[in-house]
Undergrad: 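Please find one structure pasted underneath; my questions will follow.
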Amino acid sequence: MERLQNSEAKEVFSWFLKLCAIPHGSGNIRQISDFLADFARERGLDYVQDKTGNVIIKKGASAGYEQEPTLILQGHMDMVAVKKPGCAKDMAKEGLDVKTDGDWLYAQDTSLGGDDGIAVAYMLSVLDDSSLAHPAIEAVFTVDEETGMDGAREIDLGFCAGKRLLNLDSEEEGIFLTSCAGGARLHGFLPAEWETLEGCLYRLSVGGLQGGHSGAEINKERGNSNCLAGRLLYEARKAADVRPVSMEGGLADNAIPRQTHIGLFVTERESGAFEKALASFEDEVKKELAVKDPGFCVELLERRQGAFCVLTRDCAQKAAFLLLTLPNGVQSMSADIPGLVQTSLNLGILRLDREGMQLDYSVRSSVGSEKELLLDKAEALLKSQGASWELSGAYPAWEYRQDSPLRGKMVQVYQHLYHEMPRIEAIHAGLECGILAGKIPGLDCVSIGPDMRDIHTTEERLSIPSVERVWNYLQAVLAQKD
């Protein structure tokens, strides 16, 4: 880690590596929450830690900045914890194996959690450095952002006096985010009906895909392994009486799944027709994804004969119908902002067990009526096949603010440092700013961050030079008086 030790942001990387040593996947945040509370106590800083695990830490203004407006720094402490097939690491109990590759930081065989561990590292560096010039700081660390923004929804910001908030949960340097889509989690469930039949069981892997963040990369139209597994089931049933035995794909509803395992049953008599349909399906999809997702493949993991518990014909037909017809991916593009996805959804998790088939979607839209229409369509399709549905984790859109003193100051500092204008953009991915703005009337928000690649996947990368530049920029913003 010599590259990090010699970095001009070595304090930031030091904190980041400490955070990476603590398991902090969504829903498993108590240890990192306590770490932050201990940090505050050891330094004599005022703080609160709520029952959800959110932490707010206050630091007074440095000399000469007592009259400057208080600034809230905000980020979330949880990460999307995913690992490569065959990786033995228990991410609920073990830290990450962080490595460097030239100018990039990554974790061996797992996601890195740069989203949003780097925000937490920046904030700890500000709180810990007595040499920095800055106004009063209120550092807000939220929990479980990745699974529905539960921390932001539950947090009480009555402890905060600030009216300006700098969110550090963006993944592209030089872009100031000033609005984002709203969203929700959609959970569908089809009850299972089983019977035992004699024949052939094929265990298959639908994968080789790139995956990615369902907000930031849904516009790339990469393959979704869960949807493709459903399409395979539907296509194969045209050739044979194919029955699902098992399905398992995806780890988070807001990550585009890269691999889905599916167990399919056919009779010995129809196995030849099934195998022909399988080969035809793989060939067709490979051609479709040749540019967008060229690694696609269907791998035969096992073929064996015997007696198996399979879905009934009627239940298999319902499952195939839902997986084929439920919408997925980009639904509409913004007419106001070129290139911005307006409405989308992502089938991030697919499970078939003895109870039934579970479908978990992340739904996003910057237009409330379009989101409701999309949810109505999904509900109608699910109900038509006797499936139930429910929503969770709904969050509002973060609306653009015409008058933003914080944005004006940040643009001024950026121009002074880099002699160019930053890009002011909206984003399709969800941020906590919309929820937090609803808790503090008139809250002025901007979101920034360093360059990251392939977040929410095992290919996640964090740019070391970009972390350094954003750290220098953040210090300059803190030191700039109104």
Side-chain angles (χ1 to χ4, degrees), residues 4 7-20 22 32-33 35-49 54-77 113-142 155 157 159-170 173 176 406-407 409-410 413-414 417 432-433 436 443-450 462 464 466-482:
L4 304 184
S7 167
E8 55 190 285
K10 61 182 179 182
E11 301 90 350
V12 176
F13 286 117
S14 176
W15 285 115
F16 184 74
L17 292 176
K18 290 175 183 177
L19 297 168
C20 288
I22 304 171
I32 197 167
S33 176
F35 173 85
L36 296 173
D38 290 342
F39 169 94
R41 277 195 300 272
E42 290 167 2
R43 288 155 182 80
L45 299 173
D46 288 341
Y47 79 98
V48 291
Q49 180 184 30
N54 296 308
V55 176
I56 303 174
I57 303 175
K58 289 188 175 184
K59 182 184 181 184
S62 60
Y65 286 78
E66 295 85 355
Q67 304 305 313
E68 293 298 305
T70 297
L71 180 64
I72 301 173
L73 298 177
Q74 191 268 323
H76 62 86
M77 60 184 85
D115 174 17
D116 196 21
I118 196 61
V120 177
Y122 280 137
M123 293 156 70
L124 291 176
S125 297
V126 171
L127 294 169
D128 194 44
D129 191 341
S130 59
S131 69
L132 295 182
H134 59 77
I137 298 294
E138 295 172 339
V140 175
F141 305 88
T142 51
I155 197 168
L157 294 180
F159 187 62
C160 294
K163 296 288 187 179
R164 298 180 180 182
L165 185 146
L166 179 52
N167 170 278
L168 296 164
D169 190 16
S170 296
E173 184 187 352
F176 292 3
L406 176 59
R407 184 176 69 241
K409 174 191 282 192
M410 291 177 62
V413 173
Y414 193 92
L417 287 179
E432 294 161 293
C433 299
L436 299 176
L443 187 65
D444 183 4
C445 305
V446 177
S447 179
I448 64 169
L462 174 62
I464 295 172
S466 184
V467 170
E468 294 169 338
R469 289 190 297 268
V470 171
W471 174 235
N472 290 333
Y473 173 70
L474 177 58
Q475 292 178 81
V477 170
L478 294 175
Q480 180 69 37
K481 293 184 177 182
D482 273 19

Undergrad: Tell me the closest heavy-atom pair linking V413 and A476, and the distance in Å.
TA: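 So the minimum-distance heavy-atom pair works out to CG1-CB, 3.7 Å.
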
Undergrad: Keeping the roles fixed (side chain from E138, backbone from G162), state whether a donor-acceptor pair exists under 3.5 Å.
TA: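 Between the backbone of G162 and the side chain of E138 there is a qualifying donor-acceptor contact (under 3.5 Å).
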
Undergrad: Can you measure from CZ (R41) to CG (D46) and round to the nearest 0.5 angstrom?
TA: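 If we round to the nearest 0.5 Å, R41:CZ and D46:CG are 13.0 Å apart.
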
Undergrad: Would you say L36 and V120 make side-chain contact, with heavy atoms under 4.5 Å?
TA: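 Side-chain contact under 4.5 Å: yes.
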
Undergrad: Counting only heavy atoms not in E66, do more than 12 sit closer than 6.0 Å to its CD atom?
TA: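 It does: E66 CD has more than 12 such atoms within range.
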
Undergrad: Find out whether L165 and L406 are in side-chain contact, i.e. whether some heavy atom of one side chain is under 4.5 Å from a heavy atom of the other.
TA: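 Of all side-chain heavy-atom pairs linking L406 with L165, none is under 4.5 Å.
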
Undergrad: May I ask you to check whether Q49 and S33 show a side-chain donor-acceptor distance below 3.5 Å?
TA: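 Note: Q49 and S33 side chains meet the donor-acceptor criterion.
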
Undergrad: On a heavy-atom basis, which atom in N167 and which in S447 lie closest, and how many Å separate them?
TA: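 Closest approach of N167 to S447, heavy atoms only: OD1-OG, 2.6 Å.
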
Undergrad: L124 versus F141: any side-chain heavy-atom pair under 4.5 Å?
TA: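 Counting from C-beta outward, L124 and F141 do come under 4.5 Å.
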
Undergrad: Under 3.5 Å, is there a donor-acceptor pair between the side chain of D116 and the main chain of H76?
TA: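 Indeed, once roles are kept as given, a pair shorter than 3.5 Å links the two residues.
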
Undergrad: Let me see the working for L4 and F16 under side-chain contact (heavy atoms from CB on, under 4.5 Å), right down to the final yes or no.
TA: CA-CA 11 Å; L4 304 184; F16 184 74; over 6 Å; no

Undergrad: Side-chain contact, heavy-atom cut-off 4.5 Å: F39 with V55?
TA: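 Of all side-chain heavy-atom pairs linking V55 with F39, none is under 4.5 Å.
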
Undergrad: Can you tell me how far CG of D129 sits from CD of Q475, rounded to the nearest 0.5 angstrom?
TA: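 Reported value, rounded in 0.5 Å steps: 7.0 Å.
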
Undergrad: Show your working on salt bridge (Lys or Arg N to Asp or Glu O under 4.0 Å) between K409 and D444 and close with a plain yes or no.
TA: CA-CA 12 Å; K409 174 191 282 192; D444 183 4; over 6 Å; no

Undergrad: Looking at G64, is its backbone amide N or carbonyl O close enough to the side chain of K481 to form a donor-acceptor pair, meaning the two atoms are under 3.5 Å apart?
TA: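 A pair under 3.5 Å: yes.
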
Undergrad: For V126, does its backbone N or O pair with a side-chain atom of K59 as donor and acceptor, under 3.5 Å?
TA: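 Present.
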
Undergrad: Looking at M123 and G75, what are the two nearest heavy atoms and their distance?
TA: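 Heavy-atom minimum between the residues: SD-N, 3.7 Å.
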
Undergrad: Carefully, step by step, assess I137 and I57 under the rule side-chain contact (heavy atoms from CB on, under 4.5 Å).
TA: CA-CA 8 Å; I137 298 294; I57 303 175; over 6 Å; no

Undergrad: Could you tell me the separation between the CZ atom of F13 and the CH2 atom of W471, rounded to the nearest 0.5 Å?
TA: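 Between atom CZ of F13 and atom CH2 of W471 there are 11.5 Å.
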
Undergrad: State whether the side chain of T142 and the backbone N or O of N54 hold a donor-acceptor pair below 3.5 Å, judged by distance alone.
TA: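 Answer holds: no.
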
Undergrad: Parallel, tilted or perpendicular: which fits the ring planes of Y473 and F176, with parallel below 30° and perpendicular above 60°?
TA: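 Ring orientation, 0 to 90° scale: tilted.
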
Undergrad: Taking the side chain as everything from C-beta on, heavy atoms only, tell me whether L478 gets closer than 4.5 Å to Y65.
TA: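 Counting from C-beta outward, L478 and Y65 never come under 4.5 Å.
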
Undergrad: Mind running side-chain contact (heavy atoms from CB on, under 4.5 Å) on L168 and I118 for me, showing each step along the way?
TA: CA-CA 8 Å; L168 296 164; I118 196 61; over 6 Å; no

Undergrad: Tell me whether the count of non-hydrogen atoms from other residues, nucleotides or ligands lying under 6.0 Å of NZ in K10 goes above 12.
TA: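 Open: at most 12 neighbouring heavy atoms sit under 6.0 Å from NZ of K10.
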
Undergrad: Is there side-chain contact between H134 and L71, with heavy atoms separated by less than 4.5 Å?
TA: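 With C-beta onward as the side chain, the pair stays apart.
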
Undergrad: Compare every heavy atom of L19 with every heavy atom of A121, then report the nearest pair and how far apart it is.
TA: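 Smallest heavy-atom distance, with atoms named: N-CD1, 3.8 Å.
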
Undergrad: Is there a donor in the side chain of S125 and an acceptor in the side chain of E11, or the other way round, less than 3.5 Å apart?
TA: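 No, no side-chain donor-acceptor contact under 3.5 Å.
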
Undergrad: Rounded at 0.5 Å granularity, tell me how far CG in L157 sits from CG in L443.
TA: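 The CG atom of L443 is 8.5 Å from CG of L157, to the nearest 0.5 Å.
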
Undergrad: Under the criterion side-chain contact (heavy atoms from CB on, under 4.5 Å), I'd like the reasoning laid out for I56 against I155: C-alpha separation, chi angles, the key distance, then a yes or no.
TA: CA-CA 9 Å; I56 303 174; I155 197 168; 4.0 Å; yes

Undergrad: Can you find a heavy atom in the side chain of L436 that is under 4.5 Å from one in the side chain of Q74?
TA: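 A side-chain contact exists here, since the closest heavy-atom pair is under 4.5 Å.
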
Undergrad: Would you give the length of the straight line joining atom CZ of R164 to atom CZ of R407, rounded to the nearest 0.5 angstrom?
TA: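 Between atom CZ of R164 and atom CZ of R407 there are 12.0 Å.
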
Undergrad: Which heavy atom in A136 sits nearest to a heavy atom in A61, and how many Å separate them?
TA: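 Minimum heavy-atom separation between A136 and A61: N-CB, 3.4 Å.
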
Undergrad: Is there a side-chain contact between Y122 and L73 (heavy atoms, below 4.5 Å)?
TA: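 The answer is no, as the side chains (C-beta and beyond) never meet within the 4.5 Å cut-off.
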
